[in-house]
Every structure is written in C-alpha cells, then in structure tokens.
Amino acid sequence: MNLAAAIFLDGLIDASWLFIVAVGLTLVFGVLNILNFAHGSLYALGAYTAASAVGWYYGGNIGPAFLGYFVMLAAALVVAIAIGPLMERGLLRLFYRRDEVVLVLVTYALFLILEDATKLIWGVNPYYAYEPYGLLGDVSLFGLNYVAYDFALVGLALLTGVLLWLGLNRTITGKVILAVIHDREISGAMGVDVNRVFVLAFTFGVFLAALGGAFTAPKISVQPGISIAVILLSFAVVVIGGLGSVEGAAIAALIVGLARSAAIHLMPSAELFIVYLVMALVLALRPEGLFQRTTARKI
Amino acid sequence: MAGWLRTSAAALVCFVALVLLGRVLPNWFVLVATLAFAKGIVALGLVVLMRCGLVSFGQGIFFCTGAYAAGLTMRLLGLDDGVLLTALGGLLALILGLIIAPLLAGYRGIFFATLTLALSMIAYGILDKVSWLGGSDGFNLHAPSFVGYHPATPQDVSYAIFVLTSLATVVAAALCRIHFDSLRGLLSLAARDNEIRVEYLGASVRWVSGMNFAVAALLAGIGGALSALSLGHIDPDFAFWTTSGEFVFLAILSGYASVTAVFVASIIVELVRSYSSQYFPNTWQGALGLFLLLVILFLPQGLGSLLLVRRGKPKSQEVRAESGK
C-alpha cells in the first residue's frame with residue numbers, strides 16, 4: 001500500500017514538470033512541424049538562468065523570500081524572449097521549405113551549439129538553487145513525507161495545462177494558432193499572418209521549456225547533461241501522446257512519470273529502458289500516438 | 001562499357017590506391033580513415049534507406065549488434081579472425097534487421113524515425129545494465145588475426161584493419177552503386193517521390209522499404225564490427241542516440257546522389273572532429289554543430305551534388321527533382 005502510494009505520488013510529481021516541458025515541445029511541433037531537439041537545451045538554459053537569479057536574489061537578501069518564485073518565473077520569461085524570436089526568425093525560418101528530418105538535424109546542431117554555449121557561460125560545476133525548495137515546508141500523505149514544493153509543481157503543471165487549453169480554445173489568438181496547426185496554407189490564404197503565429201508559438205514553446213527548467217532547478221543540481229536526459233524523456237512523452245496534441249502530452253506525461261517511478265521503486269536499472277519500451281509499444285499499436293490528429297491526406 | 005563493369009573497375013582501382021596509400025600515410029591518419037570508412041559504411045546504409053524516403057534515427061541498434069556480435073564472439077568463443085568477425089557482425093545485424101523490418105515497413109517520416117530511435121534506446125538500456133555484456137563500461141578487444149596472418153606490431157594491426165575496412169568499403173560502395181542504377185534501386189526513388197503512384201503501378205512500397213531497411217542493417221552491422229575491431233573497445237554508447245544521430249548527419253551531409261560522397265563526408269567529419277577536439281577542447285561539439293548547420297544551409301543536396309557538378313555532368317535527374325521542390 002505504502003509502496004503503491006509512493007509510486008503514484010512520485011510518478012505524479014515527475015509527470016508534472018515533464019508535462020510542462022513536453023507540452024512546449026508538442027506545441028512547437030504542432031504549429032511549426034519541427035521536432036525540436038534543442039528543447040532540452042532550452043530547459044537547461046531556463047534552469048541555469050533561474051539558478052543564477054535565485055542565487056543572486058537570496059544571496060543579496062534583495063526582497064521577501066516568497067518573491068523568489070517570481071524571480072524564477074522572470075528567469076524563464078527572459079530566456080524565452082531572448083532566445084525564442086532570435087532562433088525562429090534568425091535560423092529556423094531558413095529551413096522551412098526543407099524536409100522534416102532535415103529540420104530535426106538543424107535543431108540537433110543547435111543542441112550541440114547550445115550545450116557548449118551553456119558550458120562556456122556557466123562552467124561545468126553544478127549550481128544549486130535550494131532556497132525556494134524548502135520554503136513551503138513539508139507535507140505528509142499516506143504516511144509518506146514530501147516536500148510541499150513538489151506538490152506545488154503539480155499545481156503549476158495543472159495551471160499551465162488549463163491556461164494553455166483555455167488560451168488555445170477560448171481566445172482569438174488561440175483559435176488562429178489552432179487554424180495554423182490544422183492547415184497553414186489555408187490559414188495564410190484567409191489572411192492569418194502565419195509568420196507571426198510561428199514566432200509566437202515558438203517563443204511560447206521556449207518559455208514552457210524554460211519554465212520547466214526554472215521550476216525544477218531547486219530540486220536538482222543544475223549541471224551539464226541535464227538537457228540530454230530531459231530531451232530523451234520529453235521526446236518519448238510527446239511521441240506517446242501523439243505529436244502536436246496537448247491532451248496527449250498530459251496523459252503521456254502521467255504514463256511516463258508513473259512508469260519511471262514504478263521502475264525506480266521496483267527495478268531501478270530499468271529507468272530509461274522502460275520509457276522507451278512504453279514508447280515502442282504505443283507506437284507499434286498506435287503509430288501516431290495515443291491522441292492522433294486526423295489529417296486529410298494531400299496528394 | 002556496361003555500368004556495372006565500369007563501377008567494378010573503379011572500385012578495384014580505389015581499393016589498390018587505398019592499400020598503397022595506407023602504407024605511405026602516417027599511422028594516425030590510417031586510424032582516422034579506418035574509423036571514418038567504418039562509419040561511412042553505416043551511413044551508406046542510411047543513404048540506401050533515404051532513397052526510399054526513410055530516415056532512421058536508430059541505426060545504433062544495428063551498429064551495436066555488429067560490434068557486440070564481433071566482440072562477444074572474440075571474448076566468449078575465442079575466435080579472433082577479423083574477416084570472420086566482420087562477416088558475423090554483418091550477418092547478425094542482417095538477421096535482426098529482417099526480424100524488425102516487417103514491423104517498421106509500414107511507418108513513414110517522423111514516426112519511422114522515432115520508432116527506430118526508441119528501439120535503439122531500448123538496446124542501449126539493455127547493454128548498459130546487463131553485466132555479462134560488459135555493462136556501462138563495455139569491454140576491450142585484443143588485436144584480431146586475418147586469415148592466418150597475425151600482425152606483430154600495433155602499426156601492422158591498424159594497417160591490416162585498414163585494408164579490411166577499405167575492402168568492405170569499396171565492395172559495399174560498388175554494390176550500392178550498381179543497385180542504385182538498377183530497376184529495383186530506382187524504384188526506391190519512385191517510392192520516395194510518390195508512394196501511391198508506385199503502388200498503383202503494381203510495385204510494393206512495403207517490400208521496397210523492408211528490403212532497403214535490411215540492407216541498411218547489414219551495412220550498419222559490418223560498420224559496427226569494423227569500428228569495434230579498430231577501436232579495440234566496445235561500450236553501450238554504440239547504441240546511444242548521439243551515435244545514431246551522427247550517421248544521419250553523415251548521410252545528410254553526403255546526400256544520396258553519390259556513393260563516393262558518403263566516404264568523403266565521413267573522412268571530413270572525422271578530421272573536423274579530431275582537429276576541433278584538439279584545438280577547441282571545450283567547444284568542439286559546438287564547432288561540429290556549426291559545421292553541420294553551415295552544410296545544411298549552403299549545400300542542400302549534400303556534398304554529392306558538389307561532386308556531380310564538378311565532374312561537368314549536367315545535374316542528374318534526382319538532384320534536379322530534389323531542388324525543384
């Protein structure tokens with residue numbers, strides 16, 4: 001019973017940040033048709049920026065402790081605004097006429113470059129931003145002790161999901177984005193500024209990656225290599241859920257989170273293995289993921 | 001002269017030239033070239049796949065199959081004949097490829113890429129954790145023999161592996177060229193262009209992609225076994241996604257118009273890597289990424305298009321069709 005609860009809660013916590021990161025990846029794929037390998041690096045940039053900002057904020061006793069969370073949020077925003085438009089307009093735009101796979105390779109090159117850029121800026125030593133982690137105290141559930149921050153993360157993921165859903169389905173901008181996802185050419189013909197939607201969606205995707213990074217930074221030691229682990233996981237989440245599907249990303253994040261925490265509790269050596277096993281199984285049964293988009297076949 | 005005869009003659013000339021060059025060139029270059037050719041063979045397999053419009057991000061699974069088949073045979077059975085080990089590596093990868101091919105033949109585009117990636121990551125997970133396979137550290141191989149010839153010095157060993165790799169390279173390249181120009185090979189290009197049309201004309205796209213997948217597996221296995229012999233060490237990184245990504249990189253860099261371009265690209269990349277790791281030890285990955293970006297940006301059809309243009313030929317049909325997109 002205790003074990004089941006532990007697996008469930010750990011899985012839920014794991015799923016929360018995974019969802020935030022993966023939904024950014026899936027949104028970018030939906031709108032721009034890019035499977036962004038550099039998404040993990042953007043997560044890492046968010047984590048590093050937040051860790052530095054948090055270190056500066058608490059180190060200098062700048063303001064009240066709880067405002068540290070807003071510092072983390074601001075860090076994610078800064079990364080998104082600095083990187084998003086630059087990357088989309090400056091680079092990715094040049095490759096839109098090319099094959100999907102070429103674009104994957106372009107972002108792979110970006111991943112390599114960003115990895116080294118991160119090392120140049122922050123060095124190779126780990127950063128810790130532990131202050132915000134303990135701020136909310138501890139909670140006890142089913143006789144298990146958890147840091148309350150972990151559940152705040154679950155709340156943040158829920159909030160992100162709900163806001164994203166509302167934003168996409170209940171606002172004009174959201175509807176325009178959905179229209180571009182559905183058919184970029186027809187949307188363009190109807191007067192939608194597709195380029196603007198691209199910049200907007202990509203920047204928002206970067207923001208989600210950086211947000212995931214910024215709010216996991218207090219839980220982990222921020223060091224080189226985190227981007228690879230994250231991209232491999234969120235990649236699996238997105239593929240399991242169905243590329244471009246927000247609901248799919250939520251369900252898949254839960255599946256991956258639970259599978260991973262089950263593996264960690266029951267069979268630690270299978271941690272990464274199990275994620276890809278689930279992915280292969282899902283793909284074998286439903287090639288386009290759990291929530292596949294129905295698209296008209298164009299000839 | 002018939003096309004296949006000309007190709008075979010060119011292959012023979014290349015092989016003789018390589019064998020002679022290997023004697024003259026410095027030892028470090030021979031090592032780099034061996035590894036480049038071994039990886040080039042894998043990338044050649046990817047080019048075969050790319051011709052029918054498929055890109056696998058998981059060639060690592062066959063690469064590591066070939067390497068581990070060779071390595072484990074040497075370690076557990078005590079066989080150390082390089083030729084035999086290479087053939088065995090290729091054979092086992094081919095068998096695995098034939099098993100997986102029917103599962104994958106129905107997938108296209110990004111789904112094919114991600115599914116192959118998943119399979120190779122599962123292989124990585126297994127290799128990383130199973131201790132009798134060497135675990136995460138892998139294991140070392142001792143120097144192989146070659147049909148009764150036991151090279152004495154390390155230089156002789158690396159030269160012998162180089163000759164073996166060159167032989168595998170020219171044979172694979174020549175066979176691929178002949179295949180590409182054959183009716184069966186051209187069918188791949190047709191499937192890449194328009195699958196529905198090919199199906200209506202009475203050919204099976206599934207069959208074409210399945211066969212291409214098996215060929216790619218065979219070549220990746222051979223390349224894996226040769227890399228393992230040349231490096232003298234095997235670890236799970238052979239199956240890691242960065243390894244697979246490197247092969248995709250090579251294949252895109254060379255393009256699918258020319259077979260020679262694959263190996264030229266492979267040598268260039270291997271040189272760029274060893275130079276940049278020497279001169280920018282902390283940023284060589286970034287340098288490689290920048291190089292990749294520049295190539296994709298300025299050479300959309302890969303190095304192969306460059307070779308074709310320089311030869312004074314009008315751009316071949318395939319290259320033109322691609323740039324017209």
Side-chain angles (χ1 to χ4, degrees), chain A residues 29 33-35 37-38 91 94-95 97-120 123-124 228 231-232 235-236 238-240 243 263 267-284 286-289 292 297 299, chain B residues 50 53-58 103-104 106-131 135 194-197 240-242 245-246 248-249 251-253 280 282-297 300 322 325:
Chain A
F29 182 84
N33 248 348
I34 299 176
L35 199 53
F37 251 105
L91 192 71
L94 306 174
F95 302 95
R97 292 182 153 271
R98 311 276 284 277
D99 208 52
E100 254 177 13
V101 175
V102 170
L103 267 165
V104 174
L105 220 60
V106 168
T107 59
Y108 176 58
L110 267 176
F111 159 80
L112 291 176
I113 295 169
L114 283 176
E115 275 297 282
D116 278 353
T118 319
K119 275 186 220 159
L120 280 182
V124 291
I228 295 183
I231 189 60
L232 286 177
F235 194 71
V238 166
V239 170
I240 291 172
L243 286 160
M267 206 180 135
S269 57
E271 191 194 330
L272 186 61
F273 171 81
I274 194 151
V275 172
Y276 277 85
L277 195 65
V278 172
M279 173 168 154
L281 283 178
V282 169
L283 277 182
R286 289 179 76 94
E288 311 202 335
Q292 50 207 124
R297 190 167 68 171
I299 300 176
Chain B
M50 271 166 64
L54 296 174
V55 178
S56 157
F57 267 87
L103 286 174
L104 288 178
Y107 294 88
R108 286 289 168 278
I110 211 89
F111 299 104
F112 180 81
T114 47
L115 195 54
T116 48
L117 174 72
L119 288 176
S120 77
M121 286 308 289
I122 291 175
Y124 173 79
I126 293 173
L127 295 176
D128 195 47
K129 300 300 178 198
V130 179
S131 52
N194 191 328
E195 287 181 15
I196 301 166
R197 197 183 292 160
F240 201 53
W241 66 276
T242 46
E246 206 183 307
V248 181
F249 172 25
I252 297 262
L253 179 60
F280 327 100
N282 298 318
T283 50
W284 68 272
Q285 280 202 338
L288 207 63
L290 202 62
F291 176 63
L292 173 57
L293 268 187
L294 291 177
V295 168
I296 298 177
L297 194 56
E322 181 71 3
K325 251 190 195 170

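Convention: sequence-line order gives letters A, B, ...; per-chain numbering from 1.
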**Prompt:** In terms of heavy-atom proximity below 4.5 Å to chain B, should Leu120(A) be classed as side chain, backbone, both, or neither?
**Reply:** side chain

**Request:** Measure Leu35(A) against the heavy atoms of chain B and call it side chain, backbone, both or neither at under 4.5 Å.
**Result:** side chain

**Item:** Heavy-atom pairs under 4.5 Å with chain B, option from Ile274(A), Leu232(A), Val104(A), Leu114(A) with the top count
**Value:** Leu232(A)

**Asked** Side chains of Ile252(B) and Val102(A): closer than 4.5 Å at any heavy-atom pair?
**Response** yes

**Request:** Taking salt bridge (Lys or Arg N to Asp or Glu O under 4.0 Å) as the test, write out the residues that go with Glu195(B), two or more places apart.
**Result:** Arg108(B)

**Request:** Quick one: closest heavy-atom pair of Phe57(B) and Ser120(B), and the distance?
**Result:** O-OG, 4.3 Å

**Asked** Using non-hydrogen atoms only, which part of Val124(A) is less than 4.5 Å away from chain B: side chain, backbone, both, or neither?
**Response** neither

**Asked** Side chain, backbone, both or neither: which part of Leu103(B) has an atom under 4.5 Å from a heavy atom of chain A?
**Response** neither

**Message:** Can you tell me which portion of Leu91(A) sits under 4.5 Å from chain B's heavy atoms? Options are side chain, backbone, both or neither.
**Reply:** side chain

**Item:** Closest-packed option against chain B by number of heavy-atom pairs under 4.5 Å, given Leu94(A), Ile113(A), Leu277(A), Val106(A)
**Value:** Ile113(A)

Could you list the donor-acceptor pairs under 3.5 angstrom formed by side chains in residues 286-297 of chain B, with sequence neighbours left out?
none

**Prompt:** Which region of Val239(A), side chain (C-beta onward) or backbone (N, CA, C, O), has a non-hydrogen atom less than 4.5 Å from a non-hydrogen atom of chain B, or is it both or neither?
**Reply:** side chain

**Asked** Do Asp116(A) and Lys119(A) come close enough that some side-chain heavy atom pair is under 4.5 Å?
**Response** yes

**Asked** Using 30° and 60° as the class limits, which term best fits the ring planes of Phe37(A) and Phe111(A): parallel, tilted or perpendicular?
**Response** tilted

**Message:** Parallel, tilted or perpendicular, judged at 30° and 60°: which one describes the rings of Phe240(B) and Tyr124(B)?
**Reply:** tilted

**Fill in**
Applying a strict 4.5 Å limit to non-hydrogen atoms, the region of Val55(B) in contact with chain A is side chain

